[in-house]
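Just below is one structure, and these are the notes that go with it.
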Amino acid sequence: MGITLLLGLLALILLFYVLFRIARTSELASILRGDIHNYQYASKVNGVLMMAFLIIGLIMIVYSSMIYIPKMLPEAASVHGAKTDRLFNITLFFIGVVFVLTQIVLFYFSWKYREKEGRKAFFYSHNNMLEVVWTLIPAVVMTVLVVMGLQTWFSIFPSHDEMPEDRLEIEVTAKQFNWIVRYAGMDGEFGPRMIDTNYISQTNELGIMWENKASQDDIMPKEIHLIKDKPTLVRLGALDVLHSFYLPHFRVKMDCVPGLPTSFYFIPTKSTEDMKEILSTQKEWQKINEETGEEEWKSFKYELACTELCGKSHYAMQMDVIVHENEQKFMEWAEAQTPYYESIKATLDQASIEEVEVEENTIAEKSN
């Protein structure tokens, strides 16, 4: 596929080059023959080509929109995502109207006022009212969009005092090349971390202080679990290079910076099953998946991805996201999880035994 595309591109470039050389050769031949250049005819040809380009261009915009809009992300699955999409659509409307109108005027004028025998250019110095209108209207529209943008921004990034106390908190740490997710256990409290060589190891990359009771019931699953309509605060960090936490369906995106904690607050509004139901009505998602043999919507999953080029395996930084219908479903999942401390306790105990043995051997050698 890649080679075919490259060969097609090279063939297109070669075609344009050949056409250019033919046109240039024809022009030089007419000069050598002493032919008088017919500017009126050339202007008419250019005017017709301009109108043809305008018509074909508008048709292609409509056609490409019909093809690609169904392939775009479905409706937002979070509160602020809906606000962001609304702001984007309003901005796109104004930009689209201005773009279409100005392009129609530009190409139409190129054809309408082409060179003709006996036609003289009309000198139009200025018009104060016209200048006020085309300055005032964009200024008003821009002001409205900026105000709407600020309102959306403050709703996406509220202060911690404005966040509800009854919220779900998740800790997500990025590293080359995966995500480390941590939930507070049944006590509702995250265990403290210590960035120190005495704590950080292959089994404890976050430097969690396991001797603290709050750490021993923390959950570290292989996917992210959220609750529908539950305010959620995601605390972000990175262990090595710059990463980016991106939940496209929720319109959530925030950089993960080494040494600088960041966070993102949002409220999911559609469970995984809700989104499947929405997608089941869309033609694009009714296509059969060759791997599963089922319609695409049946295997839909929310996804976490990294959108910062963080190294050679950047593409592998993906994680499934599950949104539960209610808090009860979430608690059933959480209670079924094994605390991470329990899964590595044997390893930690063995490491402690080995450490004690090393110390005893050192003391014995000094005594001898």
Side-chain angles (χ1 to χ4, degrees), residues 75-84 152 154-174 178-193 206 208 212-238 243-256 261-276 300-306 317-342:
E75 59 186 274
S78 68
V79 171
H80 86 263
K83 295 179 182 179
T84 304
T152 304
F154 290 131
S155 70
I156 294 174
F157 297 101
S159 66
H160 281 270
D161 294 335
E162 295 173 325
M163 295 182 192
E165 292 185 4
D166 181 27
R167 61 177 182 259
L168 174 66
E169 291 198 16
I170 310 171
E171 184 184 274
V172 179
T173 305
N178 58 21
W179 302 93
I180 304 174
V181 180
R182 185 164 72 126
Y183 288 82
M186 294 299 107
D187 61 359
E189 183 180 350
F190 283 100
R193 295 169 55 185
L206 300 181
I208 300 173
N212 190 295
K213 292 293 183 181
S215 304
Q216 296 178 6
D217 65 348
D218 289 352
I219 302 169
M220 298 176 67
K222 298 299 182 182
E223 65 277 316
I224 291 177
H225 287 254
L226 306 173
I227 308 169
K228 178 181 175 180
D229 298 326
K230 179 80 169 182
T232 304
L233 177 65
V234 185
R235 301 184 182 277
L236 300 168
H243 299 272
S244 187
F245 179 86
Y246 182 43
L247 300 174
H249 297 90
F250 303 93
R251 314 302 192 258
V252 170
K253 186 176 186 296
M254 176 62 69
D255 283 350
C256 304
T262 55
S263 61
F264 204 104
Y265 171 81
F266 68 107
I267 304 175
T269 56
K270 294 178 177 61
S271 67
T272 302
E273 296 305 316
D274 289 340
M275 186 57 75
K276 284 184 178 181
F300 168 81
K301 290 182 180 179
Y302 290 120
E303 179 185 277
L304 163 64
C306 177
M317 291 195 64
Q318 299 179 354
M319 180 175 281
D320 290 340
V321 179
I322 295 130
V323 182
H324 296 277
E325 187 65 35
N326 50 52
E327 193 155 359
Q328 180 182 350
K329 295 288 185 182
F330 174 82
M331 291 305 298
E332 289 175 0
W333 165 81
E335 290 171 358
Q337 304 305 302
T338 301
Y340 187 72
Y341 175 75
E342 296 296 332

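The chain is numbered in sequence order, starting from 1. Remember, it's a predicted structure, so these values are computed and weren't measured experimentally. What you see below is based on every heavy atom in this structure, not just the backbone, and it leaves out hydrogens, waters and symmetry mates.
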Can you tell if the side chain of [X] reaches within under 4.5 Å of the side chain of [Y], non-hydrogen atoms only?
X: L168; Y: F330; result: yes
X: D166; Y: K230; result: yes
X: I208; Y: M220; result: yes
X: K270; Y: E75; result: yes
X: I170; Y: L226; result: yes
X: E189; Y: K213; result: no

Exercise for the section: Report the residue from P164, P231, S78 that forms a side-chain contact (heavy atoms from CB on, under 4.5 Å) with I267. Expected result: P231
Give the minimum heavy-atom separation between [X] and [Y], together with the two atoms involved.
X: Q216; Y: Y341; answer: O-CB, 3.6 Å
X: E327; Y: I227; answer: N-CG2, 3.6 Å
X: T269; Y: A76; answer: OG1-O, 4.3 Å
X: A174; Y: W179; answer: CB-CZ3, 3.5 Å

Practice task
Using the side chain to side chain contact (heavy atoms under 4.5 Å, CB included) rule, take M186 and E335 through it: C-alpha gap first, then chi angles, then the decisive distance, then the call.
Solution key: CA-CA 8 Å; M186 294 299 107; E335 290 171 358; 4.1 Å; yes
According to ring pair (Phe, Tyr, Trp, His ring centres under 6.0 Å), who are the partners of [X], at least two apart in sequence or on a separate chain?
X: F190; result: none
X: H249; result: F300, Y302
X: F157; result: W153, F264
X: Y246; result: none

Those residues that, when tested against [X], pass side chain to side chain donor-acceptor pair (under 3.5 Å) (two or more places apart):
X: R251; result: D85
X: K301; result: D320
X: E169; result: R167, R235
X: E223; result: H225

Can you tell me how far apart [atom1] ([X]) and [atom2] ([Y]) are? Round to the nearest 0.5 Å.
X: K222; Y: I180; atom1: NZ; atom2: CD1; result: 8.5 Å
X: D229; Y: S271; atom1: CG; atom2: OG; result: 9.5 Å
X: T232; Y: F266; atom1: OG1; atom2: CZ; result: 5.0 Å
X: Y265; Y: I156; atom1: OH; atom2: CD1; result: 12.5 Å
X: L247; Y: I224; atom1: CG; atom2: CD1; result: 6.0 Å

Exercise for the section: Establish, from distance only, whether the side-chain atoms of S215 and D218 form a donor-acceptor pair under 3.5 Å. Expected result: no
Fill in the blank from the handout: Contacts of E162 meeting side-chain contact (heavy atoms from CB on, under 4.5 Å) (sequence neighbours excluded), chain-then-number -> P158, S159
Please identify each residue that fulfils salt bridge (Lys or Arg N to Asp or Glu O under 4.0 Å) with [X], with sequence neighbours left out.
X: D187; answer: none
X: E303; answer: none
X: E325; answer: K228

Practice task
Return yes if some donor-acceptor pair links the side-chain N/O of T262 with the main-chain N/O of C256 below 3.5 Å, else return no.
Solution key: no
Practice task
Please check if the side chain of R193 supplies one atom and the backbone of L206 the other of a donor-acceptor pair under 3.5 Å.
Solution key: yes
Practice task
Show your reasoning for whether salt bridge (charged side-chain N to carboxylate O under 4.0 Å, His left out) applies to K329 and E273.
Solution key: CA-CA 13 Å; K329 295 288 185 182; E273 296 305 316; over 6 Å; no
Practice task
Give the C-alpha distance, both sets of side-chain angles, the deciding distance and a yes or no for side chain to side chain contact (heavy atoms under 4.5 Å, CB included) between S244 and D255.
Solution key: CA-CA 4 Å; S244 187; D255 283 350; 3.3 Å; yes
